[in-house]
Amino acid sequence: MEKTLTVIGLLVAMLGCQKEPSIGPISEQSDETLSIVGHRLIIGCEGNFQYDNASITAYGIGSQEVAQQVYKAANDRPIGDILQSIVHRGGLIYVVMNNSGVVRILSDSTYVEVGTIENLSSPRYLHFVDDHTLLVSDLSSSAVTVIHPETQQHIGSIETGQWTEMMGTSDGITYVAGMKDSVLLGLDLVSLSVGFSIDLPMSPDRMLSKNDSLLVIGNAKKGAKMTWIRKNGDMEYVGLDHPVNGAALFGKFIYILSAERINVYDLMLHKVGGWRHEAITPYALFVDSSGIYIADVKDYISSGEVLYYGHHQNLMDRIPCGYIPQAMLSL
Amino acid sequence: MKRELSILVCCTLVTGASQAQDTLQLQEFQIIDTLAVNVGASYVQRFDSLNAPSAMPALNLTDVLQTRGGVSFKNYGPGLLSTPTFRGGDANHTQVTWNGMKLNSPMLGTMDMSTLPVSQFDQLALRSGVSSSLYSSGGMGSLISIQQSADLTNESARLLLGGGSFGTFHSAVKFNLPVTLLGRPSAIAFNADVQAVENNFPYTNISADPWREDVLQNADFSRSNFSFSLISRITSHLEVEAIGWLSETQRNIPSTINSPPRFSEQSDASQKAFVRVRSEHEKWSWSLRSMVEQNDNAYTDRALAIDNLNRYQSVQNQLESSVKLRPWLTAFSRLGYDRIKAVSGNYSQTHSADQWSALGVMRSSLWTGRVRLDLGGRYESFLQHSKALPFAGINIKPIKGAGLGLTASASKTVRFPTLNELYWVPGGTSDLLPENGTTYEAGLEWMNERTNLTVVAYSSDYTNRIRWLPQGSIFRPVNVDEAQIEGIDVNAGHSIGTKSKSLQLEVAYHLTNAQGRNSGDEFAALTFVPRHSSALNATACLKEFSFHAQHQWMGRRFITNDELEYMPAYHIASFGAGYSFNTTAAMQMNLSIWVHNALDWQYQNMPWRPMPGRNFHLKLDLRWRKR
């Protein structure tokens, strides 16, 4: 019996010794240091909630080269939890990390972090009013935070009473989407308050700006609706047959992404074309002069892919990227 | 240093064991529900001696199933949400029954095992495949059955006091008193189990750069369970039992360590009333069971401005009978009817649902009991869905008089959508289809006076798996997945030595190859399912002393479907020593000390949620039993 006990005790104790400090989630994603220069697409990948596996992929539009995890490669640490949105301004990339409660400011050439906006609750989207005023919407604080972009300091907040998302400007008025009540909140940036609200028959999921005009698109009880914003609330809504997975405005056309198709509308909201795409689970859309990019999140817990279509609807490339690609811009 | 400590502990164990004599008797496994038909042709692991004096101080049933059953859990931390993922199933693929009645929330479909105490229950068993189909549908992963009953013959009382690291306090009181009620032999029993844990344990914060040592904040919880039982033998053939069970859990929920601190808390309260009438005769028997439950779940998240109350009431009824048609043939049947009413701040209105079920089993025992054949089926109906679920199992003893048995079985099961999946606003989808599952099992059993061994290989496939996925800006449940799961479940026990000097070994091991895919995709590993998990327990007894060694192994678990991100494997070694003596002929005092995670393994079960390192627990267990 003593021999048996010795074997058991040794076995239990030896196995119980921690040989490597492998404590939390481990990623075997590649973080290539490939330098992508020139015309490129920046893909912000949301990552899985609480996994801390958000990332940024860079894609050379001419070279078709791909660099994964460019933030991690440049800064030697993961970017954080839930990458919600990206804005490019003045040679800097502003990356909103929702569940990390921070906005990271990166050099657009090296991806090295040059600053952060901190002490945010659950930031979602950014809107630059001018060089001195940056607005940050928030999932949980029931307020829009006002930031001075140069100092990255909080200079005020606008109580909204609800979860806020995208923002935009129309006729000189800055609007923020109020998600709880499905409203647009017109912001008074002098008194830092909500001046008025416009009720909508759909969820204000997406807001696209063009020449001081604002297009709002969102899912309704059945299908979706879209409309140009009018200050007096006298707006004409165009119904869409299918829920909207993404939207983009480029040139004279509006691109609407649904589960199976991309439909194209003119600025009068008349449908002028469309085609069936190949994405499994389309999640976001970006369009520029180089083409049309569809973020495919697949099953949400596998690496995603961006489908790159030319303007003639030809599939140009499939761009591998991180988990849940959702925010795209081109530099 | 850690290896030196290991050797020291081993030496202590061996030295202690070499002087061992056995005075502690493990509690005999007591058959409470004689009507239950146990199909041997599937994996069943019974956890006897659940409340033996030498048992490890377990905060809840999660601890028991992990450390003795090797069952994989998604465990957010001590006292926090804890749900099993046995055989590749999700949390709502493991059904939990109490005296045959379902405990899973009809709203969530899950049962949080951290809310269930250990001291209250008499029996605990893990069942899979055909065996789970006998009790309930939806046990695609497994069914955990717990039993509780007053005892007509045993006059006893128990006081348990425990405490340990990180502000852990635990107390339990039990008594069972046989009485005469209206001239009938009866018994009353009372159980109280109260716990409070501060959970302020140190951990390595790997989200900081560089890593640093932090102390977990805002993770305290308290839990209380009270139950009252009354059983009366009306006639020699008729027995009536009633149980009331009050349960309350309050807990603060800490943020993940990689996100800013937020303050959220959860309160769970449940009141259950259970009545059982049963009549047993030589050739037939019947039983009627009913349970009424009121369940409140309140969740508050100050940061997200969530203040939600989810409440349901349910009534469950079961009528079952067993008839011995021939000496070799027994028929068993059960009819069930459940009524559920649920309301939530996230429902547009109060929702009600009815569930009907019927079970029929024919059991034949052939060739002097060397071949046992079970054929049966379930019928389940829930809202607009209904399903017939056939099953069959065979158990053969090829060698007369030997303890070897060979088994094989096949079964179908179904999981209906939960009320949240149907009605949650936003996202609930009323046209969801039920999940379907098929399981085939084959195995062998070996049992003699000192050894028991069960090895079962299985293959399962599930279709129409329901997952909550983002659809636009909100999550909706959709039927997307299918899964194929194969594996081997093993449990074994062996004892050596004499009554005065003994060693008992118990091991459980699970090999799980779980693959899943969305429609049209390639199969990939299911997330949070370890390929390997196991538990090893050794207890040496010498006179009044007992010594324990325990090892739990959780293999690597992928957390993404592309198998590029995973939670690393961990091994937890724990050791204990106990001293037991009789203060009087009827009174026994048991003192024990345990060192959990003795080698201070820093680990996380769920991403960014730390688990405690080395911690100590002292237990005083006073038992009185009338001679």
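What you see is a predicted model, and the numbers here were worked out from it, not measured in a lab.
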Straight-line distance of [X] [atom1] to [Y] [atom2], nearest 0.5 Å:
X      : Y      : atom1 : atom2 : answer
B:N561 : A:K298 : CG    : NZ    : 11.5 Å
B:Y603 : A:S22  : OH    : OG    : 15.5 Å
A:R77  : B:D209 : CZ    : CG    : 7.0 Å

Interchain contact, [X] with chain B, by part (heavy-atom threshold 4.5 Å):
X     : result
A:N99 : both
A:D81 : side chain
A:P25 : both

- Item | B:S259 portion near chain A, given a 4.5 angstrom heavy-atom threshold |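 Contact with chain A is through both the backbone and side chain of B:S259.
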
- Name the region of B:R557, side chain, backbone, both or neither, that has any atom closer than 4.5 Å to a heavy atom of chain A. neither

Looking at [X] and [Y], what are the two nearest heavy atoms and their distance?
X      : Y      : result
B:R467 : A:D299 : NH2-O, 3.3 Å
A:N53  : B:E565 : ND2-OE1, 3.0 Å
A:I301 : B:I559 : CG2-O, 4.4 Å
B:N258 : A:S100 : O-OG, 4.4 Å
A:E28  : B:E563 : OE1-O, 4.5 Å

- Pick whichever of B:F528, B:Y570, B:F558 has the most heavy-atom pairs under 4.5 Å with chain A. B:F528

- Ranked by heavy-atom pairs below 4.5 Å to chain A, first place among B:A524, B:P568, B:P607 goes to B:P568

- Message: Which one wins on heavy-atom pair count under 4.5 Å against chain B: A:A284, A:G101, A:S302, A:P243?
- Response: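 Highest number of pairs under 4.5 Å: A:S302.
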
- Decide yes or no for A:Y323 and B:L564: does some side-chain heavy atom of the first lie under 4.5 Å from some side-chain heavy atom of the second?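 Answer yes - side chains close enough.
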
